[in-house]
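One structure is given below, encoded as C-alpha cells.
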Amino acid sequence: MYKRLNMRVLLCLAAACLSASQVCYGAEKLEISGFGRLVAGYLDDNNVSFEGYTNELTFSEQSLLAIQADYHLTDTLSVTSQLLAHNNSERDSGIEWFYLTYEPNSQWLFKAGKMRTPFYHYSDVLDVGFAYAWLSPPQQLYSAFLFNQYEGVSGIHRFSLGQVSGAIELYTGRYNGNTSFQQKRYPTDIDNLQGVVFNAIVGNHLKLRSSYITADFALDLEEITEFANILRGAGFVQSANSLTMEGEFDIYQLGAIYEEFDYHLAWEWMKITSNTILAPNIASYYVQGGYVFDSVTAHLTFANLITSDVEPVNEIPFGVNPGLDQLFIAYNTTLQRTKASDLKSLTLGVRWDAGVNVAFKAEVSHYQGGVGISTFEPLSESAASAFDERANLYQFGMEFVF
Amino acid sequence: MRYFMKLSLVLVCWGAIGSGESVAESRDVVVVANVENKDIRLDKREVRNLFMGNTIDVVLEPVSLPPETLTRAVFNTKIIGLTESRIQSYWSQMRFSGRSKPPKEMQDVENLLAYISTHKGTVAFFPADVPIPDHLTVVYQTRQ
C-alpha cells in the first residue's frame, strides 16, 4: 500500500523535476529546487536487521526524491513547500515542510507552519544527504528520537559580536502523527514542544552549536497498553503506570566543528532524559575527522550511545500462585523487549563530489551493540540468541541537489 | 603493466589538481562594494561571513560568480577557506532547512561589475587586475 503510494508520489515528483526547468526559473517569484539520494546497503549478519538493513542488498531504506517550491509573495514574505517521495515503507511520502517565512531584515527570520525539528546539527536536513559527508549520519544521535516534524512557529535572530557571528532560534509547536520502529507504527502526540538553538561561528574556522528541547509526549504502544490495563485491573497500578509511554522529555545538545581548507574535525553530544520508565535516559556522542583532497573527502567517525538501566517496579509477588507468576514473567519480558541497548560504531567513508551538485559516497560501519528498540532487531527468536552483537554495514550511494 | 599505467594516470591527475590549487594561490581578488561611505573596510572574517549568509555589523548583499570560475576558486581558497564542494554542501543545508540562500550569481566579471555598479548596498569579488570604477569602494583585498 505504502510502496504503491510512494511510487505514485515519486512519479509525480520526477515529472515535476523534468518540467521545473521549463516552467519556473523564468519567474522571479517562484524558485524550484530539490534533492535526491539513491543509497544501497547490506548488513553482513543474518540474525538481525539494523535500520531496516539485512543481509540482502537493498536500495529501499534511504533512497528518496524531494522537490521544494519557494514562492515570494512580497520582498519579505514567502511560502515554502517541500514534497518528498520515500521508498521506505516505515515513512510517509508527501508534504515534509510547508511554512510561511517572514524576513523583515537580515537580522530576523520568522517561520510558521509544518517544519522539521532542529534537534541536532543535521536533524532538519537528514534527508538531504548532499549536506553531509556520511551516507548514514551516526545512528546514535540521528535515530534516537521519536519524531522529526512539528507544526508551530520559530524565530531566528542573527547577530554579530566581536569575533562571533551567531544566531539564536526559538521555536514552539506540537506534533500529532505516527512513530515507526521495529516495522510498526504507533500513534504519537507531542505537545508543549519548546526549543532553543544557539549557533555561532568564532573567527574563521570554528562553528559551535548548542540546543535544548522539552516537550510532553504520549505514545500508544497498543499491545503494551492492553497489558498495562490488565495489570491495573489486577491492582498493580505502579507496574501498569511503568508501562505507559507518556510524560515529559528534555534533550540537551552540544556540538563543535573546526574546518580548515584540507581537513575538518567535528564533535556532537546529546542527552535525552525523561520521567518514564519505558523511555530510558540516553547519552550519545560522535567524533569525526575528515581529510579533503580537492573533490574527495575521506572521513572516520567513532560514535557511542549509552543508555541508562531500566528500573522495574517490584510490585508483583513471585511464587505465590501461578496466575501472579505469569503476570510477573509477562511484566519483566515486556520490559526486556522494550529496552534500548548501548551501541558503538566506527565508520570509514569516502565522498567524491563529481560536480557542483552530484556526489558519490561509499562507507563501511562496524557496529557493536545488543538487541534493542533502536538498534538491532532480531529476525527470529533463535536469531536473537545467535547474534554476537557485532555487525558491519556496507553502503554506497549517490546524492544530488538541483 | 596495466597497474603502472593506472598508477601514472592517478599521479598525473593529482599533479593537475595540485597545479590548479597553486594557480589559485598565485592569484588575488579584490572585494568591492557599492556603498555611500567610502571609508568602509572589512576584514577577512567579515567578508567570509557575508558570503556564507552570516551577519556582520555592515548590511550588504553579496553577489558571486559561478562555481567553475577561477576567480571564485581563488576567493574560496583565500577567503572562505573551503573547497567548492564543501561550500555547495553547506548551502544545501541552509537552503533546505529554510535558514538562508546562497548569494545571487552573475555569469561573468563584466555582468557582475555592471550589476554592482547599479545596485546600492551590494558587494562582490573580482580578479585583482580588473579596473574598479571610482564610485565603487574596495573593502578588502587579498594581496599584501
Side-chain angles (χ1 to χ4, degrees), chain A residues 31 33-35 66 68 70 80 82 97 99 101 103 105-107 109 111 115-116 118 121-125 127-133 154 156-160 163 165-167 169 199 201 203-205 259-262 264 292-297 351-357 359 399 401, chain B residues 10 13-22 24-25 42-62 66-69 72-73 76-102 104-105 121:
Chain A
E31 287 177 51
S33 53
F35 54 88
Q68 178 169 309
D70 297 273
T80 299
Q82 196 182 96
W97 298 73
Y99 60 91
T101 302
E103 192 169 14
N105 53 52
S106 59
Q107 274 86 45
L109 176 71
K111 291 186 284 186
M115 293 170 280
R116 290 287 292 255
H121 190 74
Y122 298 106
S123 295
D124 49 7
V125 288
D127 292 322
V128 191
F130 194 82
Y132 45 81
S154 89
I156 298 177
H157 176 56
R158 304 186 187 105
F159 61 91
S160 172
Q163 288 289 302
S165 179
E169 177 176 359
N199 276 294
I201 297 165
N204 285 315
H205 305 288
E259 289 180 308
E260 287 280 359
F261 192 78
D262 51 1
H264 73 268
V292 183
F293 317 83
D294 195 54
S295 58
V296 177
T297 303
R351 170 182 173 143
W352 170 46
D353 283 89
V356 291
N357 52 12
E399 317 270 12
V401 290
Chain B
V10 167
C13 289
W14 278 114
I17 290 165
S19 64
E21 279 177 6
S22 64
E25 283 292 338
L42 302 176
D43 63 23
K44 182 174 150 181
R45 182 187 65 81
E46 289 174 312
V47 176
R48 184 187 195 278
N49 278 332
L50 265 180
F51 281 85
M52 295 297 272
N54 302 309
T55 301
I56 64 165
D57 292 334
V58 187
V59 178
L60 289 168
E61 184 205 339
E68 60 275 10
T69 56
R72 177 149 160 170
N76 291 345
T77 308
K78 294 198 166 180
I79 294 176
I80 303 292
L82 295 173
T83 57
E84 185 59 46
S85 30
R86 288 165 78 194
I87 292 168
Q88 293 293 336
S89 174
Y90 167 83
W91 282 119
S92 70
Q93 181 177 11
M94 294 297 113
R95 173 186 282 277
F96 295 116
S97 62
R99 291 202 170 82
S100 58
K101 287 177 182 164
K104 190 190 291 266
E105 282 174 17

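In what follows, chains carry the letters A, B, and so on, assigned in the order in which the sequence lines appear, proteins first and then strands, with residues in each chain numbered from 1.
For A:Val128, the part sitting under 4.5 Å from any heavy atom of chain B is the side chain, from C-beta outward, and nothing else. For A:Gln82, the part sitting under 4.5 Å from any heavy atom of chain B is the side chain, from C-beta outward, and nothing else. Residue A:Arg158 touches chain B through both its backbone and its side chain, counting heavy-atom pairs closer than 4.5 Å. Contacts of B:Tyr90 with chain A are made by side-chain atoms alone, with heavy-atom separations under 4.5 Å and no backbone atom involved. Of the two parts of A:Glu399, neither the backbone nor the side chain holds a non-hydrogen atom closer than 4.5 Å to a non-hydrogen atom of chain B. With a 4.5 angstrom heavy-atom cutoff, A:His121 touches chain B via backbone and side-chain atoms both. Looking at A:Phe159, the atoms closer than 4.5 Å to chain B (heavy atoms on both sides) all sit in the backbone: N, CA, C or O. Interface remark: A:Asp127 contributes no atoms to any contact with chain B (heavy atom separation under 4.5 Å). With a 4.5 angstrom heavy-atom cutoff, A:Ser106 touches chain B via backbone and side-chain atoms both.
Contact annotation: the side chain of B:Pro66 never approaches that of B:Arg72 to less than 4.5 Å [non-hydrogen atoms, C-beta and beyond]. Proximity of B:Ser89 to A:Arg351: side-chain heavy atoms (C-beta onward) are separated by under 4.5 Å at one or more points.
Here NZ of A:Lys111 is found 6.5 Å from OG1 of A:Thr101. Values are rounded to the nearest 0.5 Å.
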Identify every side-chain donor-acceptor pair in residues 48-58 of chain B under 3.5 Å, counting partners at least two apart or on other chains, and give the distances.
{"unit_1": "B:Arg48", "atom_1": "NE", "unit_2": "A:Asn204", "atom_2": "O", "d": "3.3"}
{"unit_1": "B:Arg48", "atom_1": "NE", "unit_2": "B:Ile80", "atom_2": "O", "d": "2.8"}
{"unit_1": "B:Arg48", "atom_1": "NH2", "unit_2": "B:Ile80", "atom_2": "O", "d": "3.3"}
{"unit_1": "B:Asn49", "atom_1": "OD1", "unit_2": "B:Asn54", "atom_2": "ND2", "d": "3.3"}
{"unit_1": "B:Asn49", "atom_1": "ND2", "unit_2": "B:Arg45", "atom_2": "O", "d": "3.4"}

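By number of non-hydrogen pairs under 4.5 angstrom with chain B, the leading residue of A:Gln163, A:Glu169, A:His264, A:Met115 is A:Gln163. Most heavy-atom pairs under 4.5 Å with chain B: of the set A:Asn357, A:Ile201, A:Val401, this distinction falls to A:Ile201. Annotation: maximal heavy-atom pairing with chain A below 4.5 Å, among B:Gln88, B:Glu61, B:Arg86, B:Arg95, occurs at B:Arg86.
Residues satisfying the salt bridge (Lys or Arg N to Asp or Glu O under 4.0 Å) test with B:Lys44, not counting sequence neighbours, are none.
Between A:Glu103 and B:Lys101 no salt bridge is recorded (no basic side-chain N to carboxylate O distance below 4.0 Å).
The nearest pair of heavy atoms linking B:Ser97 to B:Gln93 is OG-O, 2.6 Å.
The aromatic ring centroids of A:Tyr122 and A:Tyr132 lie less than 6.0 Å from each other.
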